[in-house]
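Down below is the structure, laid out as structure tokens.
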Amino acid sequence: MKQPVESRQLILDRIHAATPAAAGDASQLADAYAALPRTYIRRSSLSTSARIKLMIHRLREYDAEVVESTPADLPAAITAQLAASGRHLFVAPPGTPNKWMVTSARKITGLKWTIDHGLPIGEIEKAEGVVTAATCGIADSGTIVLHHSATEGRRVLTLLPDYYLCILRASQIVETLPEYFSRCQQPPALATYISGPSATADIEMTRIKGVHGPRILVVIVVRDDK
Amino acid sequence: MSHATPGRVSLDPRFAPPFPEAALIMLRNPQLRKNVGHAIDVIQAKRGKLVVEKTDWQELRSAASAIRFHVLDNLGAYLEQFEARCTAAGGHVHWAADAAQARQIILDLLRQENATEVIKIKTMTSAEIQLNPFLQASGVNVYETDLAEIILQLGDEDPSHIVVPALHINRSQVREIFARTMGLNNLSDDPKELTNAARTYLRQKFLTVPTAISGANFLVAETGTVAVVESEGNGRMCLTLPQTMISLVGIEKVLPRFQDLEVMLQLLARSATGERMNPYTSLWTGVTPGDGPQKFHVVLLDNGRSSILAKEKERQTLKCIRCAACMNACPVYRQTGGHAYGSVYPGPIGAILTPQLMQMKYAQTLPFASSLCGACYEVCPVKINIPEVLLELRSQVVNQERKQAGRVFDLMYLGLRIANLIFATAWGFHAAQRMGRIGLRFFTRKDGWIHSLPSLGAKWTQTRDLRGLPQQTFHQWWATRAKEGK
């Protein structure tokens, strides 16, 4: 059995022998890359309100619950959703604004917030729901983008609880996927793109919601565009 | 690995029967054909709608094709860049020249962790190197976590599709498998209930097994990032709960830059499952303190890929992003299902990929498992001209066979050589036409069709009718027409 170090050289030698047309250096490679055709749609064609409407429409197609709110009414909107969920044990990322939590904690009897400062997995598993912010919304596919910042939480936080309430600001919504990528000047080390609740169609192509991830996705679209 | 189950075909190309033989077994299984046909109809209808609404679909395909070709042209540079960035972010990159090396590297990594159990995200690459049986034999219990893969693992079945690997199994068969293996006698065949059973079955595994194995849909050279595209959330579970993650990835899966995902992700889900986007896409770069596995390994697998890279026409095979649109569109796959291909990669892409991965030593009947209708090329999101590669491989197979001594007297080759002589001259061709008309008259029925021919000719007529030769050729008609001065 060959040593892995040898295998590395062996594979790279095979590749170099197989690719005589490879760029000679980094700048030639960058030039060849820059010359690649990109004639697909990379910008928005919709008005702001049509874009937000499309995002909401797509999310609803995924059976997500969507409500609109204003920055001022957000704490009340969160409270209303949590009350409607009938759940009481919620987790939130460490950067969650306090005002998102105080109103609901005061108005809903028995509601308990736990902030994730490195919670054991078992504690997150016990939570009935999670509330986080997001990085971006992509209207074309109804996608919610998380870069797992302090307000979005580590990845497992939005995965184990069965109920996920996501707060998405209207100004974060773009129409197309390329627009999101052009907003990523600094690519994230971690990212999760969520398009509707966890699903499978492995049995006779029948779409079943909620296999392992949250079965219920609720999105509050905060109209900070007006 | 040989299977004793009757009607079962090995998916190891070294032991699988020739395609026509395996196809016949599948064609005689009406339940399998019904299940496959239904699944394909659903995916095709969904894909069709979503492709039509995408007004820049062809531009996306062109961009994707160009990006993938550019990567293949510069594969060495991009792999080294990926390795450097992934390593800088705390990952470990290993290189495996073949399947045996990849299996050993993974086993060694598991032994370092004293792992006796491992949870897996669906990866066709691990099926390619037959990882599961190897790990099981080495004392590591493997738990598949994708619903389809659980069905296959618990039911001791083989994958028949690269995106929905259990599409040949229907709900009542799934119920039977789950009831038997999970001890759930009261289970109904409602897909929702079956899915719930799988969720419960796996939850403890996710929370307790500290080691996971995945494949990857893409690697990003610029950032050292790995991408996994999935639907159920089992991938996210495996990517966040364990302490150690091992990703097995073919060397061709790399993309130049982070931004290139904007092209691939728009094409992949639409082509694969007929969705605008799959429910979950996970991207990670090395290790992130406090979030997910703190030990991360990438095993880069060659296993025949670099030899495909060396060949000009065949190289495009490596552009593949494993969406399975070609098999969903293929009239042959639709009839036979995936097992007939005797490989974990079925359908048109399997027909070109499998024999090449096998260095053209096995699976030589696969390039002929196609009507060359071109539907696969038309739907391919990265524009792989599969018919072109099929023809190239066919000619290689024929040349191989011709060189075998015994083939000098092979009736088919003898016949083709004679045909070559006859068709080389006009008078030879006309004489052959006259003789054919006289000879075939005896077999031509009143309806103008030949329904059966004797000896070698039967190979053609046992599955299809042949139109009888007309009484007048075009040449003769044209000559008469000129004489009559029309």
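The chains referred to below are lettered A, B, ... by the order of the sequence lines, with proteins before strands, and numbering in each begins at 1.
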Is any side-chain heavy atom of V222(A) closer than 4.5 Å to one of I167(A)? yes
Take the angle between the ring planes of F90(A) and W113(A) and call it parallel below 30°, perpendicular above 60°, tilted in between. tilted
Side chain, backbone, both or neither of L79(B) within contact of chain A (heavy atoms, under 4.5 Å): side chain
For T96(A), side-chain contact (heavy atoms from CB on, under 4.5 Å) partners two or more places apart: A92(A), P93(A), W100(A), M101(A)
Interchain contact, E230(B) with chain A, by part (heavy-atom threshold 4.5 Å): neither
Portion of T206(A) that has a non-hydrogen atom of chain B nearer than 4.5 angstrom: side chain
Option in A97(B), S65(B), A63(B) with maximal non-hydrogen atom pairs under 4.5 Å from chain A: A97(B)
With a 4.5 angstrom heavy-atom cut-off, could you sort out which part of A269(B) is near chain A: side chain, backbone, both or neither? neither
Just to be sure I understand the criterion: a residue of residues 41-56 of chain A counts if one of its heavy atoms is under 4.5 Å from a heavy atom of chain B. Which ones qualify? I41(A), R42(A)
Report the option among T281(B), V229(B), T240(B) that has the most heavy-atom pairs separated by less than 4.5 Å from atoms of chain A. T281(B)
Please classify the contact between I208(A) and chain B as side chain, backbone, both or neither, with a heavy-atom cut-off of under 4.5 Å. side chain
Let me know if R270(B) has heavy atoms under 4.5 Å from chain A in its side chain, its backbone, both or neither. side chain
Please classify the contact between I308(B) and chain A as side chain, backbone, both or neither, with a heavy-atom cut-off of under 4.5 Å. neither
State, yes or no, whether a side-chain contact exists between T158(A) and P214(A) at a heavy-atom distance under 4.5 Å. no
Among V93(B), T55(B), L241(B), L167(B), which residue has the highest count of heavy-atom pairs closer than 4.5 Å to chain A? L241(B)
Heavy-atom cut-off 4.5 Å, strictly under: side chain, backbone, both or neither for R61(B) against chain A? neither
Under 4.5 Å from any heavy atom of chain B - which part of P188(A): both
Under 4.5 Å to a heavy atom of chain A? For F206(B) that would be side chain
Can you say whether L202(B) sits under 4.5 Å from chain A via the side chain, the backbone, both, or neither, judging by heavy atoms? side chain
Is there a donor-acceptor contact under 3.5 Å linking the side chains of D260(B) and Y33(A)? yes
Exercise: do N170(B) and H38(B) side chains pair donor with acceptor under 3.5 Å: no
Whatever's closer than 4.5 Å to a heavy atom in chain B on I138(A) counts as neither
If you measure from the Lys or Arg side-chain nitrogens to the Asp or Glu carboxylate oxygens, is any gap between R276(B) and D140(A) under 4.0 Å? no
Which of the residues L239(B), L207(B), T195(B) is involved in the greatest number of heavy-atom pairs with chain A at under 4.5 angstrom? T195(B)
Quick check on the interface: out of L36(A), V156(A), I11(A), who has the most heavy-atom pairs with chain B under 4.5 Å? I11(A)
Which distance, rounded to the nearest 0.5 Å, do you find between the CE of M237(B) and the CD1 of I119(B)? 9.5 Å
Any ion pair linking R315(B) and D73(B) (charged N to carboxylate O, less than 4.0 Å)? yes
For H212(A) against G233(B), the heavy-atom pair lying closest together: CB-C, 3.9 Å
Aromatic plane relationship, F181(A) with Y193(A) - under 30° parallel, 30 to 60° tilted, over 60° perpendicular: perpendicular
Atom group of L159(A) that falls short of 4.5 Å from chain B, counting heavy atoms: both
Partner chain A: residue of Q266(B), E275(B), R257(B), Q259(B) with the largest heavy-atom pair count (under 4.5 Å): R257(B)
Are any non-hydrogen side-chain atoms of I216(A) and R87(A) less than 4.5 angstrom apart? yes
Top residue by heavy-atom pair count (under 4.5 Å) with chain A, among R199(B), E59(B), K54(B), K311(B)? R199(B)
Greatest number of heavy atom pairs closer than 4.5 Å to chain B - which of S141(A), A189(A), A201(A): A189(A)
Thinking salt bridges, do K46(B) and D41(B) make one under a 4.0 Å N-O criterion? no
Is it true that D225(A) and R223(A) have a side-chain N and a carboxylate O under 4.0 angstrom from each other? yes
Per-residue contact mode, R305(B) against chain A (heavy atom under 4.5 angstrom): neither
Decide whether T200(A) and S231(B) meet the rule of one side-chain donor and one side-chain acceptor closer than 3.5 Å. no
Is there a side-chain contact between W95(B) and V299(B), using heavy atoms and a 4.5 Å cut-off? no
Indicate whether the side chain of E262(B) and that of Y40(A) have a donor and an acceptor atom separated by less than 3.5 Å. yes
For I121(A), which atoms come within 4.5 Å of any heavy atom of chain B: side chain, backbone, both, or neither? side chain
State plainly whether the residues K126(A) and D162(A) are in salt-bridge range, i.e. N to O under 4.0 Å. no
Can you tell which part of E83(B) gets under 4.5 Å to a heavy atom of chain A, answering side chain, backbone, both or neither? side chain
Evaluate the ring-ring contact (aromatic ring centres under 6.0 Å, His included) criterion for residues Y62(A) and H57(A): first the C-alpha distance (whole Å), next the side-chain angles of each, then the deciding distance (0.1 Å), finally the verdict. CA-CA 9 Å; Y62(A) 291 134; H57(A) 176 69; over 10 Å; no
Check this for me, if you would: do R203(B) and E125(A) make a salt bridge, where the nitrogen-to-carboxylate-oxygen distance has to be below 4.0 angstrom? yes
Proximal component of T223(B), with respect to chain A [non-hydrogen, under 4.5 Å]: side chain
Structural part of D98(B) lying under 4.5 Å from a heavy atom of chain A: neither
Part of N35(B) lying under 4.5 Å from any heavy atom of chain A: neither
Looking at chain B, which one of A22(A), G122(A), A17(A), A191(A) has the largest number of heavy-atom pairs inside 4.5 Å, strictly under? A191(A)
